[in-house]
Every structure is written in structure tokens, then in C-alpha cells.
Amino acid sequence: MTAFAQTRRELVIGMAGIAALADLSPKAAAQMKARLVVVGGGFGGATAARFLKQLLPNASVTLVEPDTDYYACPFSNLVIAGLRELEAQRFGYDGLRARGIDIVHERATDVDPVAHTVTLGSGAMLSYDRLVLSPGVDFIWGAIEGYDEAAAQVMPHAWKAGAQTALLRRQLEAMKDGGLVVMSVPPAPFRCPPGPYERASLIAHYLKTRKPKSRLLILDAQDKFSKQPLFEEAWAHLYPGVIERLGADDFGRVIAVNPAVRTLATDFENVTADVANVIPPQKAGEIAHRAGVADMTGWCPIDPITFGSALQPDIHVLGDATIAAPMPKSAFSANLQAKLCATQIARVLAGLAPEPTVLANTCYSYLSDDAAVSIAGVYTNEGGKLKSVEGAGGLSPSGSDPVIQGNEALQAAAWFRTITEQTFG
Amino acid sequence: MQAVSAALGVVTLALLLAGCGSVPSWPDERSAAAIPALDHGATLSLACSGCHSPAGGAIPSLEHRPAALIRQSLMDYKAEADGTTVMHRMMHGYSEADIDAISTYLARSATP
């Protein structure tokens, strides 16, 4: 702790002591505004800011997000496959600003949970009464030998949407027919469990329709994966001979890459790719580690009712950064967790106890341009942990019914429109 | 300035913890029933609004529907063991009491 911070903390404690002695009427107290700071402008953070302001109109709500444009990850696999434009993934923060939320386009570089301050990239500081962190994921560079930020310019991850999405699409477009595309999938947990397999389906769709002599190899650090029977059924049905997958038991885990020659190494072999998509192992976003809300797993333990950090007072954590299993790291989960967290903060500020509820999740995955499947889950949050409700949730039916899968593709599009409107609108 | 602003934060928090903080727009901040947006039905219904919006389309709008109609639809989803939609799979996990609370809330709230 710096001398300055130490001095400030003593001063704060001193002033709090004086305040405790002061005779402030409830009316005076009512004029004081709770200061709520949200870090991270994705599906968790932007939703939290919106609902905090909606439920607590007299509070000051500040959203800290370095980027002025947000590129949504859901549906970005359609962009990679040439079925959607990247522009359709771009959202801004004018809608939240118009609702009275202060938007600060800076990076949050540090949090002092004792002093209740957030430090920004410029050196400025924000004080908070309650802090909501929704930092998403960061990549563990170097966990795959040779895979760093420079390597990602040659072998894109495209696991944060935007320039990386466009890069992977351009590489596929530039590839000769007859080329080999290789995807590397990390061990769980990672953002969007079915995402790699949706991406494989849509890349296979691109290859089948545009470059039919080409193939896709999935080198997978997982043995089992989300929606596995539905994806495998679709690959056999829609893309026979296009996709090959090696799971962990088949030595599929990538341990090293060499971007200079586009090779990926497993324990068993070296594969040379024409296009390589390396999705690296992940952890909670950096600010979570700075704030002391991440544990040794690299992720953030939370109280499942309030999404309050299990490690630091007055800090809540949402979305992909949390340990919320069996709730997956999805946009739906982050958006719902944000709404619940805002509601529980409003209850506490109103003198009410936090209240358990029933939570849900839905994730759609496209199999092709006009077919999708889904997974759903229902969860309780009593007794200190999130638990799946038995007999509920699960996968779309197998059997590749074109009516059911066509309807789910239309529902997926409606879901995207609604959740982005609720988050950024 | 930093110190003063940080100090005010602690003062605010201390008052809130003491139960003195309030949000004047609410008629009675001590009663959950008086704060519709924070009651049990509202909280349960937060899971609906990520997919259902007034725009409707492939996922229907829930606006301007009577509670009895919403309740019957949700109970039908819950009862149909071989249903194929997301709603079937989800409603199997909600109790009749949950469905009552959701239906009541959605029917009285234009924008859940």
C-alpha cells in the first residue's frame, strides 16, 4: 500500500467516525446518492448498469469500459463463415448514456477493496459504495507454447469478437480450395462451451459451399463437449467427410504452436494448417485478479444469490469471470446474473434482505445457415450454490428435424435482437 | 478532494447499513410488496426478458396478456413431457407457485 493510500484510508476512517457522531436526519441521508461503479461493458456489465439505474434512479451509476464499440461474441461465428457482417455485431453505449449512466471510456487498472476505489488508466480514481466487476475472460498467453499476442495475429483466436473475427474470416476467404483448417479447443472452463463446435459447423458450411475439397480438423483438449450428440449428428448429416475431431483421449490437446510455419503440436504429431484458429486457455479478466476477487483456479467465487464476491466486501462479480457452474459462461447467463445482482443490490439499499430465486439459461448454436439447436438449464441458488433443477433443461431433440431446427434458428435470431436491445438499447 | 469523496462514500455506506438510506421514489422502502420491481414474481421474471420483448416475432411478446392466459401456457409447457421447445425444457423446472408469481407479475408489467 502506498503512503498516499495509507494516509487516505486513515482520513476516511476518521471522517466516518465524525459522521457517526453527527446528527443527520433521514431526509439528509436521502439526499446522499449511492455511488455504483460497473467495470466491463459486455452483456453482464452493460445490463447491470442499465438495471441499477432503472431500479435506483437516485444513485450515480458509472460504467467503465475502454472501448467505444462493443462487438458481440454470440452470432460472430456466422460472421466468420461469411453468413453475417461484422457490423451487425457492433453496439455502442449511447443508449445507456441517454438513461443517465456515466460512461467512462478508460481501462480500469486497479481496485483497492479497502479504500473502495477503482484506478483508471489515466491515473484518475473512482470511489464506490458498491462495485460490480464484469470483466469477461483473459487468455492465458503461453499456456500453449509459442501462442502469444503476436502469434494470434497469424493464428487468430477470434474468441473476443471484432478485429480477430474479421481476420479469421479473411484467412478462410484467402485459403485455396483443398486447404486444411485446424481449430484448437482448450480445456474447460472457457467462454461459451458450445461455441467451438458451432464454429466448426459453420466453417464446415463455408467449406462445403465454397471450397468443397477442403477439410476441418478439430484438435480438442476436451473429451466430451456441450451438445455433443446434436453436433455429431449434424456433422454426419450435413458435412460428411469434412470434419475430423481428435479429443483428449486421442491426443487432440495442442501443447505448442509455431506461427512462422503454421504448425500445431500435440503429444503425438505436428499438424501444418492452411488456416489455424487457436482458442487459448482462459481465466477471469485481469481486473478481477487485481481486485483480489479471483481464487487459485483463476476464476471468481461468488454468493449465488447476490453475485457478491466470496473474497471481498461490496464487490459483485458477473458473467464469464465467475465460478457459477452449472450455469455456463454465456451471454444469457451474464445478462440474467446482472439483472439479479442489480435487483439484490436495490433490495439491500432499500433495507430488504437478498432473496433466493430460480435462474435459467438458454444457448442456441447454429449448425448451418438455417438450422440451430439449443441447450437450456434451470437452476436454484439456495444453500450457497447454484444447482441444476432435476428433470428440467437439456438439449433440443435429436433426429435433425428440419422444422424444429429451422424454428430454433429463427428463435436464435429473435433472442439476439432482444438481448442486445436489453443490454445496450 | 479524493479523500473527501472517498469519505463521503463511507458515510453513505454507513447510513445505508444503519437503514437510513432511502430511495424517495418508492412509496415505502421497507416493504417488498410496495416495490413491485423487487418482489418475488419480478425477480423470477428476469429470466423471461432476455428473450421476450415487445417486438415479438419468432419469440412472442408477453405484453398485454392476462395472467390467466400466461399461467395456462406455462402450465401446458410444464405438463407436456415430450415437448421439444426451450420453453418445455425450462418450465419442467418451475413450480406451480413460481408460475403463479411469474404470470401475475408479467400481466401487470408492460415491460418485464
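Residue numbers begin at 1 in each chain, while the letters A, B, ... track the order of the sequences. Heavy atoms only: backbone and side chains are in, while hydrogens, waters and symmetry mates are out. Being a predicted model, the structure only gives us computed values, none of them experimental.
- Chosen from B/Ala37, B/Gly50, B/Ala47, the residue pairing most often with chain A at heavy-atom distances under 4.5 Å is B/Gly50.
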Q) Yes or no on side chain to side chain contact (heavy atoms under 4.5 Å, CB included) for A/Thr362 and B/Met90, after CA distance, side-chain angles and deciding distance? A) CA-CA 9 Å; A/Thr362 302; B/Met90 292 212 285; 3.7 Å; yes

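- Heavy atoms of A/Glu355 lying under 4.5 Å from chain B belong exclusively to its side chain.
- With sequence neighbours excluded, the residues satisfying side chain to side chain contact (heavy atoms under 4.5 Å, CB included) with A/Ala412 are A/Phe75, A/Tyr364, A/Tyr366.
- Your options are A/Val378, A/Leu410, A/Asn361, A/Ile375, and the one with the most heavy-atom pairs under 4.5 Å with chain B is A/Val378.
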- Item | Test side chain to side chain contact (heavy atoms under 4.5 Å, CB included) applied to A/Thr418 and B/Ile59, step by step | CA-CA 9 Å; A/Thr418 296; B/Ile59 299 176; over 6 Å; no

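- Ranked by heavy-atom pairs under 4.5 Å with chain B, the list A/Ala360, A/Ala413, A/Ser374 is led by A/Ser374.
- Within residues 70-86 of chain B, the residues that have a heavy atom under 4.5 Å from a heavy atom of chain A are B/Thr84, B/Val86, listed by number.
- A/Ser396 touches chain B through backbone and side chain together, each having a heavy atom under 4.5 Å away.
- A/Gln422 and B/Ser49 form a side-chain donor-acceptor contact under 3.5 Å, judged by distance and modelled atom types alone.
- Listed by chain and residue number, nothing satisfies the side chain to side chain donor-acceptor pair (under 3.5 Å) test with A/Ser388 (two or more places apart in sequence, or in another chain).
- A/Glu408 touches chain B through its side chain: at least one heavy atom from C-beta onward sits under 4.5 Å away, while N, CA, C and O do not.
- Neither the backbone nor the side chain of B/His88 comes within less than 4.5 Å of any heavy atom of chain A.
- For A/Phe332, there are no ring pair (Phe, Tyr, Trp, His ring centres under 6.0 Å) partners at least two apart in sequence or on another chain.
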